[in-house]
Structure formats: C-alpha cells, structure tokens
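Report on the following structure.
Ligands are counted one by one from 1 in listed order, and the atoms in each one are counted from 1 as well.
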Amino acid sequence: MAADQPAWWTSAVVYQIYPRSFMDSDGDGIGDLGGVLARLDHLTDLGVDVLWLSPVYPSPQADNGYDISDYQDIDPLFGSLTQLDELIAALHARGMKLLMDLVVNHTSDEHPWFVESRSSRTSPKRDWYWWRPPRPGMAAGDPGAEPTNWQSHFSGPTWTLDPESGEYYLHLFDRKQPDLNWENPEVRQAVYAMMRWWLDRGVDGFRMDVINMISKDVAADGHLHDGPPIPGTSLGDGSGSFLNGPRIHEFLAEMHREVFAERNGGLLTVGEMPGVTVEEARLFTDPARAEVDMVFQFEHVGLDHGASKWDLRPLKMRDLKASFGRWQAGLADVGWNSLYWDNHDQPRAVSRFGDDSPAFRRNSATCLATLLHLHRGTPYVYQGQEIGMANHPFRTLDDFADVESLNHYVHAVSAGEDAEHVLVALRRMSRDNGRTPVQWDASPSAGFTTGTPWLPVNPDHLEWNAERQRTDDTSVLAHYRRLIALRHEEPVVALGAFAMLLPDHDEVYAFSRSLNDDALLVACNLGRRPQPLFELLPQAKDASLVLGNLPIDEAAVLAPWEARVLRLR
Ligand code: TEU
C-alpha cells in the first residue's frame with residue numbers, strides 16, 4: 001500500500017453475516033435476506049462500513065451454502081434476487097458496501113457443471129473437475145484405490161468413486177463439494193464472467209473462500225502426488241499439493257486483470273487462505289502485484305490445536321503475541337492485514353481467547369475487541385461478537401448440525417476413539433458454536449424467529465442480547481461502537497506503525513502505534529490478576545486516556561481484563 005494514498009479500507013470495519021443464523025423473517029427457523037433487511041439499523045448503529053454476506057446462493061445446504069449449485073441466483077430458503085438488489089441499494093443508501101462470498105474452489109455436486117461433467121468420460125465438461133482412475137494395479141472401490149492418499153478437511157479421503165464411470169472425483173471438503181479444475185481455462189473464464197455479473201449488479205467485492213487451494217500441483221502427465229502419512233490413519237496430508245499451489249499467483253493475477261482491473265476503486269477483495277505464511281501473504285497483498293487486497297490467515301486460530309483442531313491444547317497468550325507480532329511486522333511495509341477473532345468456522349472468541357465466566361465475560365469481550373481493533377489492518381466483526389455471544393452449552397451429539405463435526409464424530413468413533421472424549425472436543429471446537437442464532441432480545445427465540453430455530457438459541461440470551469445492550473453505555477455493543485468510530489476518526493489507528501512491547505510478558509499484551517507526531521500506547525491485561533501498568537510501561541504515566549473498557553480505579557494498575565488506549569505525549 002502506498003503510504004501517500006491510503007486505500008479506503010484501511011479505515012474500514014467489516015461486519016460478517018452468516019445469514020442462516022442472523023435473522024429469520026418468514027418463521028421457518030432459518031435466517032434470510034428479509035431478516036438482514038429488517039436489521040440494517042443494527043449495522044448503522046454500530047457504524048460498520050462493509051457487510052460480508054456468507055453464501056445465499058442456491059445450494060443443497062450440505063455445508064450450509066458453501067456448496068453452491070447456481071452462482072447467479074439466490075436460494076429460495078434465503079429469499080430472491082430482487083431482495084439481494086434491495087439489499088445492495090439499502091446498504092449503498094446508508095453508505096455501506098456489500099461483499100459477496102465467492103466459493104469457487106469447488107461447486108456443489110448438484111451444480112449443472114458437475115452433473116454434466118459426471119455424465120460421461122467424454123463429456124465436454126469432464127475436465128472441469130478432477131477425475132482420476134483408481135491407483136495403478138487396483139480396482140475401483142478397493143480400499144486404498146483412491147488416486148492419492150489425501151485426507152479431506154471434513155474427514156475421510158478426498159476422493160469419491162463414481163460407479164457409473166469407474167473414476168474418482170476430488171473433493172478437498174465434503175463429497176458433495178467437488179473441486180473445480182482451475183487448470184482448465186474455460187473454468188476460469190466461467191468464474192470471471194460470473195464475478196463480473198455480480199459487480200455489474202452493484203456488489204462491492206468478494207470474500208474468496210479457500211482461494212489458496214485452487215491451484216493443485218499436478219505433474220505433466222496429470223499425476224497427483226501422495227502426501228506424507230498422517231499418523232494413526234491410512235491417509236496422508238495432501239496440503240503440499242494444494243495449498244498455495246504452483247499457479248496460485250498466476251490465477252489470482254489473471255482474475256484481477258479479467259475482473260477488477262478496469263473498474264474504479266471502491267472495491268474490496270479478501271482471500272481466505274488456510275496455511276498461508278507471512279511471506280506468501282506479502283506476495284498476495286502487495287498492491288504492485290495486483291492479486292487481492294488482504295488475506296485471512298489462520299495462524300492465531302491454530303494456536304490451541306494439536307495434531308488437528310480436535311486435539312485440544314491450552315492457548316498460551318505469549319504464543320498469540322508472537323504470532324500477531326510477526327504478522328504486523330511482516331506486512332508493515334508491503335501488503336495489509338485482516339484482523340479477526342472468530343467467524344462462522346470458529347468457536348466464540350470470548351469463550352476461547354477471553355473468559356466467559358460471569359465475572360469476566362463483559363470485560364474480556366471488550367478487552368479482546370480493543371486489542372484487535374487497535375492493530376494495523378482491517379477488523380472483521382462476526383455477528384454476535386459485538387454483544388459478547390459465547391459458546392453454546394451443547395450436550396449430546398444430537399445437538400450438533402455441522403457437517404465437519406458430524407463427519408469427525410463418525411470417523412473418530414469408528415477409528416476407536418472414546419465417544420465422550422470426541423464430544424468434549426466437539427463442544428469446545430465445533431463450528432456450531434459460532435452458528436447459533438443471534439440474540440436480539442430476551443424473548444423465547446431471542447427475537448431471531450417466530451418458528452423453531454434451526455440450531456438452538458443459547459439460553460444465556462435472557463441476559464446477553466442486543467436489545468439490552470443498545471441503550472447501555474457500558475455494554476459490549478457500546479464499546480464496539482466506540483472502537484469502530486475510533487478507527488474512522490484517528491489516522492494513527494488506521495495507518496500508524498505497530499511496535500510490540502513486553503513480548504515476553506505472559507499476561508499483558510501491549511503495543512504502540514505511531515504516525516508522524518502522534519503515538520498511541522495500547523495495554524491489555526489478558527488475565528484475572530491485576531498488573532502494575534506504570535512499572536511495566538512507565539511511559540503510561542504521562543499519557544492521556546483515549547479509550548478504555550473499564551472505569552479506572554487506580555491509574556497505575558491494569559485491572560483484570562482491562563484495556564487502555566493512551567495517547568503518548
Ligand atoms: O473454510 C475453509 C476452512 O479452512 C475451514 O473449513 C476449515 O477447514 C474448518 O472450518 C476449520 O476446522 C471455508 C468456509 O469458511 C467454510 O465454512 C467451508 O466449510 C469451507 O471453506 C468449504 O467451503
């Protein structure tokens with residue numbers, strides 16, 4: 001990013017809506033566009049600049065819409081194209097922008113492209129997907145006959161046999177999400193045409209689902225390579241063959257040329273990139289290379305993972321600092337960060353990084369928010385985070401709905417893991433934690449629906465809901481409002497240089513931001529013990545308070561989960 005001409009999104013805050021769980025307008029228990037339209041005042045009240053809408057396209061809903069069967073329409077479950085147009089107009093009238101979710105690593109197996117591709121080995125669209133014969137010397141359907149040993153993100157092999165043609169197709173995710181073959185230029189052109197169609201309709205950009213998986217490392221003879229074996233399974237880790245593959249930069253640069261280059265500014269692209277490193281992120285987001293504006297990286301949401309996300313590890317605050325610190329430093333002179341704690345794939349931040357016990361929930365939610373929003377980068381607020389929504393008290397397997405959770409349970413238990421042990425991990429890590437309905441008020445379904453919600457409403461909505469917080473100046477919601485306004489008002493928040501302080505302290509997360517003659521000191525106590533602020537950071541003594549999350553009793557001490565933003569003189 002050129003320092004003399006900051007892009008508009010450096011001072012913007014994005015709000016993510018997972019439409020299924022945001023607001024239901026027709027009583028079927030599933031959120032929809034009518035619900036989004038009805039709740040736009042909530043976004044205006046928060047002051048966010050951009051809405052990212054998770055998928056609303058026609059879909060069999062095997063992965064809640066991340067399995068798309070038509071890229072250019074709206075699923076009747078969620079509403080209509082007319083309502084989408086209404087949403088674009090309503091957002092623009094309020095000075096907000098709309099990001100659509102772009103899911104083009106894979107389609108649904110019910111997309112007409114795949115139906116055609118599957119119809120015969122000689123179909124003109126056969127090569128639009130990854131079809132391969134069984135492993136040499138083995139028969140279709142034999143155990144281990146899959147073309148590679150890769151493990152799917154949603155458990156089991158990444159290959160499913162199509163008995164009609166005797167060939168397997170690749171799916172990095174569920175079997176209902178076949179991967180598109182980006183090696184085929186027709187596929188790329190079809191995707192670009194679809195993207196242009198949405199931009200022509202008025203949308204302002206895209207959040208690009210697993211976009212760093214679109215290039216696969218394929219040998220000249222079409223062969224794909226096995227990955228290193230995963231201990232305790234018969235499968236391997238294929239990520240070396242599909243994460244940031246050999247043509248990824250070429251594809252993204254081509255997409256930029258074909259879709260974005262001729263359009264005026266004001267658009268935004270964010271690439272979701274599991275496994276991306278700082279070094280690669282610099283390449284992806286270097287404006288001179290014209291690929292994407294920013295990426296979602298996954299390092300900090302992997303710090304409590306062991307061998308997999310289900311293998312729970314305690315989170316060390318020091319690791320979090322080290323990770324964020326490296327990303328801030330790595331993208332300081334080139335590129336741009338996206339900042340997030342949670343989304344529809346993650347447990348709730350206050351339960352995971354904060355402390356959701358009654359005494360600390362409000363304070364830790366506001367402390368985490370302050371920490372994140374004062375970093376350099378574009379913050380993303382995930383629906384419900386702004387009111388301190390926490391993980392759900394799931395009990396039995398029947399309480400879960402997510403394909404990733406359910407597949408994992410089946411595979412883990414059939415591989416001999418203790419069922420109760422598997423449930424413990426699901427309760428902590430399941431994506432369903434982030435997908436329970438938004439808690440609008442204290443009524444029986446939390447104001448989300450007049451019907452039966454598709455996932456249960458958290459019983460804590462009686463106390464934790466938007467209505468209650470809206471008029472309370474000490475609420476989590478009020479604090480988010482202030483943080484968002486601060487980024488709009490203070491160039492140092494948007495653009496200031498970041499320097500980590502106290503890197504070895506286990507509980508105090510502190511840093512400075514500086515721009516020209518202006519400098520802020522941010523100090524956050526990520527724990528239950530008071531911390532001697534003036535001893536740790538003597539420069540805080542003469543600084544003035546810009547924003548804090550608690551009334552200050554004793555200036556020299558940071559109370560448990562207290563966050564202060566101070567202006568240095
Ligand atoms: O997520 C990609 C991704 O990395 C996650 O699925 C991840 O593997 C898992 O959630 C963490 O355990 C994107 C979407 O955000 C997700 O909802 C989709 O399920 C997935 O892609 C497939 O489209």
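- What sits closest to atom 5 (C) of ligand 1 on the protein, heavy atoms only, is Asp345 OD2, 3.9 Å.
- The His106 neighbourhood of ligand 1 comprises atoms 22 (C), 23 (O), with distances under 4.0 Å to a heavy atom of that residue.
- Atom 20 (C) of ligand 1 has its closest protein heavy atom at Phe173 CE2, 3.8 Å.
- Of all the atoms in ligand 1, the ones that sit under 4.0 Å from a non-hydrogen atom of Val210 are 2 (C), 21 (O).
- His344 and Tyr66 have their aromatic ring centers within a separation under 6.0 angstrom.
- Rounded to the nearest 0.5 angstrom, Met96 CE and Leu40 CG are separated by 6.0 Å.
- For ligand 1, the atoms closer than 4.0 angstrom to any heavy atom of Lys309 are 11 (C), 12 (O).
- For ligand 1 and Glu404, the ligand atoms under 4.0 Å from any heavy atom of the residue are 9 (C), 10 (O), 11 (C), 12 (O).
- The closest non-hydrogen atom to atom 19 (O) of ligand 1, taken over Asp101, Asp174, Asp63, comes from Asp63.
- For atom 6 (O) of ligand 1, the closest non-hydrogen atom on the protein side is Arg431 NH1, 3.4 Å.
- Contact atoms of ligand 1 toward His344: 14 (C), 15 (O), 16 (C), 17 (O) (distance under 4.0 Å to a heavy atom of the residue).
- Of the listed options His153, Glu272, Arg207, Arg435, Glu272 places a heavy atom closest to atom 3 (C) of ligand 1.
- The closest side-chain heavy-atom distance from Glu183 to Trp130 is below 4.5 Å.
- In this structure, Arg361 forms a cation-pi arrangement with Trp464, its terminal cationic atom sitting closer than 6.0 Å to the ring centre and no more than 45° off the ring axis.
- Heavy-atom contacts of Phe154 reach the following atoms of ligand 1: 19 (O) (cutoff under 4.0 Å).
- Counting heavy atoms closer than 4.0 Å to ligand 1, residue Trp310 contributes nothing at all.
- Cation-pi geometry between Arg20 and Trp454 is satisfied (NZ or CZ under 6.0 Å from the ring centre, within 45° of the ring normal).
- A donor atom on one side chain and an acceptor atom on the other are not found under 3.5 Å apart for Thr436 and Asn458.
- Every atom of ligand 1 is numbered from 1 in the order shown, and the set under 4.0 Å from a heavy atom of Pro274 is 4 (O).
- In this structure, atom 13 (C) of ligand 1 lies nearest to the protein heavy atom Asp209 OD1, 2.8 Å.
- By the 6.0 Å and 45° rule, Lys97 does not stack over the aromatic ring of Trp52.
- Side-chain atoms of Pro55 and Val103, non-hydrogen and from C-beta on, do get closer than 4.5 Å to each other.
- There is a side-chain donor-acceptor pair under 3.5 Å between Asp179 and Asn105.
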